[in-house]
Visitor: 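One structure is given below, represented as structure tokens, and several questions about it will come after.
Fair warning: this is a prediction, and the values are worked out from it, not measured in the lab. The sequence lines fix the lettering, A, B, ..., with proteins before strands; numbering per chain opens at 1.
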Amino acid sequence: MSWNDERVELLKKLWQDGLSASQIAAELGGVTRNAVIGKVHRLGLSGRVKSPTPSLAPRRPRATPQHSQPRPRFATQGNVALAPTPVALPSPMPHQEAEVMPFSCERVTIMELRECMCRWPLGDPSRSDFRFCGSKTNPGAPYCDYHARMAYQTVSERRRERRAAAG
DNA sequence: CCCTGATTCGC
DNA sequence: GCGAATCAGG
């Protein structure tokens, strides 16, 4: 679907009528709300009832292109999700969050690790004091509840936390 | 989690 | 110019 005059006119009308971008997209058909918003901006009719001083709140520039690479995901081996050990995988939060826990872990060695114990790594795997969390896991789960949240954190959760941390 | 508009940037 | 991915928020 392309933006012919007819569709652009309808877009303008619906936008001025106060419909949301997704509603307009549904009305037009063949386009997403992103397409509608993008078109609205290019037409220069954004800011319907916005603040009279848009320059006061310039949008923060993007840090670096995020969509050039897929987000790092934890690898899996067989049925078991591997924790992000510093050996093969980039640690999700290198300086923060790695050692800080709301409870004290069992701190078990690999020999003491059992099926029902959390496999979250603690410390440097190349060192002899390397341990696993070892807290109780739910049946079949590789991590305890706390570390499962870290390992399987969703994008929105991560965003929410980042935002909360930034203030 | 559902949604909103705003922005960037590869295409 | 287009719009998906993303951001920032309600």
Side-chain angles (χ1 to χ4, degrees), chain A residues 1-77 79-103 118-121 133 135-167:
Chain A
M1 277 290 185
S2 57
W3 290 108
N4 55 38
D5 289 353
E6 213 166 330
R7 288 165 65 79
V8 169
E9 286 308 309
L10 184 53
L11 166 63
K12 284 181 182 173
K13 179 186 183 304
L14 296 176
W15 184 259
Q16 300 298 350
D17 283 355
L19 272 73
S20 73
S22 57
Q23 288 177 310
I24 295 172
E27 193 76 23
L28 288 168
V31 285
T32 65
R33 72 177 200 93
N34 276 316
V36 169
I37 290 169
K39 186 62 180 175
V40 161
H41 275 249
R42 286 190 297 274
L43 289 171
L45 37 79
S46 62
R48 271 186 294 209
V49 199
K50 283 298 172 139
S51 162
T53 55
S55 58
L56 288 181
R59 301 203 59 72
R60 223 183 58 188
R62 275 217 246 175
T64 24
Q66 288 93 341
H67 43 77
S68 39
Q69 292 168 346
R71 289 175 182 283
R73 288 270 93 106
F74 296 150
T76 60
Q77 187 176 73
N79 228 6
V80 181
L82 295 174
T85 68
V87 185
L89 296 165
S91 136
M93 296 289 226
H95 50 288
Q96 297 179 337
E97 172 181 280
E99 310 284 343
V100 185
M101 262 150 311
F103 60 96
C118 178
R119 290 150 180 72
W120 188 268
C133 169
S135 297
K136 187 177 183 305
T137 64
N138 293 320
Y143 303 123
C144 66
D145 285 338
Y146 178 78
H147 287 128
R149 289 191 65 88
M150 293 192 161
Y152 304 123
Q153 201 174 37
T154 66
V155 173
S156 54
E157 280 171 333
R158 197 169 305 192
R159 231 206 299 167
R160 197 171 294 277
E161 284 193 12
R162 218 189 308 139
R163 229 184 286 156

Visitor: What residues form a side chain to side chain donor-acceptor pair (under 3.5 Å) with A:S22, not counting sequence neighbours?
Guide: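 Counting only residues at least two positions away or on another chain, A:S22 forms a side chain to side chain donor-acceptor pair (under 3.5 Å) with A:S20.
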Visitor: With a 4.0 Å cutoff (strictly under), does any side-chain N or O of A:W3 reach OP1 or OP2 of C:dG3?
Guide: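 So the side chain of A:W3 is within the cut-off, an N or O lying under 4.0 Å from OP1 or OP2 of C:dG3.
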Visitor: Atom CZ of A:R42 to atom C1' of B:dC11: distance rounded to whole Å?
Guide: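 So the two atoms are 13 Å apart, to the nearest Å.
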Visitor: Name every residue in residues 32-41 of chain A that has at least one heavy atom under 4.0 Å from any atom of DNA chain B, in order of residue number, or write none if there are no such residues.
Guide: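 Close to the strand are A:R33, A:N34, A:I37, A:H41.
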Visitor: Show your reasoning for whether side-chain contact (heavy atoms from CB on, under 4.5 Å) applies to A:E27 and A:L14.
Guide: CA-CA 9 Å; A:E27 193 76 23; A:L14 296 176; 3.6 Å; yes
Visitor: Hey, can you pull the donor-acceptor pairs under 3.5 Å for the side chains in residues 32-40 of chain A, sequence neighbours left out?
Guide:
{"from": "A:T32", "atom 1": "OG1", "to": "A:N34", "atom 2": "N", "distance (Å)": "3.3"}
{"from": "A:T32", "atom 1": "OG1", "to": "A:A35", "atom 2": "N", "distance (Å)": "3.2"}

Visitor: Calculate the interatomic distance between A:I24 atom CD1 and B:dT4 atom P; express it in whole Å.
Guide: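 Nearest whole value for this atom pair: 10 Å.
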Visitor: Take the protein atom CG of A:L14 and the nucleotide atom P of B:dT4, then report the distance between them rounded to whole Å.
Guide: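 Rounding to the nearest Å, CG of A:L14 and P of B:dT4 are 14 Å apart.
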Visitor: Could you tell me if the side chain of A:C118 sits less than 4.5 Å from the side chain of A:P142, heavy atoms only?
Guide: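 No, side chains not in contact.
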Visitor: What integer distance in Å separates A:R7:CZ from C:dC2:C1'?
Guide: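 Taking CZ of A:R7 and C1' of C:dC2, I get 13 Å after rounding.
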Visitor: Show your working on side-chain contact (heavy atoms from CB on, under 4.5 Å) between A:Y143 and A:N138 and close with a plain yes or no.
Guide: CA-CA 8 Å; A:Y143 303 123; A:N138 293 320; over 6 Å; no
Visitor: For the pair made of CD in A:Q23 and P in B:dC2, what is the distance, rounded to whole Å?
Guide: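 Going from A:Q23 (CD) to B:dC2 (P), I get 17 Å.
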Visitor: Using whole Å, what does the distance between atom P of nucleotide C:dC2 and atom CG of A:L28 come to?
Guide: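 Whole-Å distance recorded here is 13 Å.
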Visitor: Figure out the CG/P separation between A:L43 and B:dA6, and round it to whole Å.
Guide: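 So the CG-P distance, A:L43 to B:dA6, works out to 13 Å.
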Visitor: side-chain contact (heavy atoms from CB on, under 4.5 Å) between A:W15 and A:L43: does it pass, once the steps are laid out?
Guide: CA-CA 11 Å; A:W15 184 259; A:L43 289 171; over 6 Å; no
Visitor: Establish, with yes or no, whether the OP1 or OP2 oxygen of B:dC3 is under 4.0 angstrom from a side-chain nitrogen or oxygen of A:S22.
Guide: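 Answer no for this pair, as no side-chain N or O of A:S22 is under 4.0 Å from OP1 or OP2.
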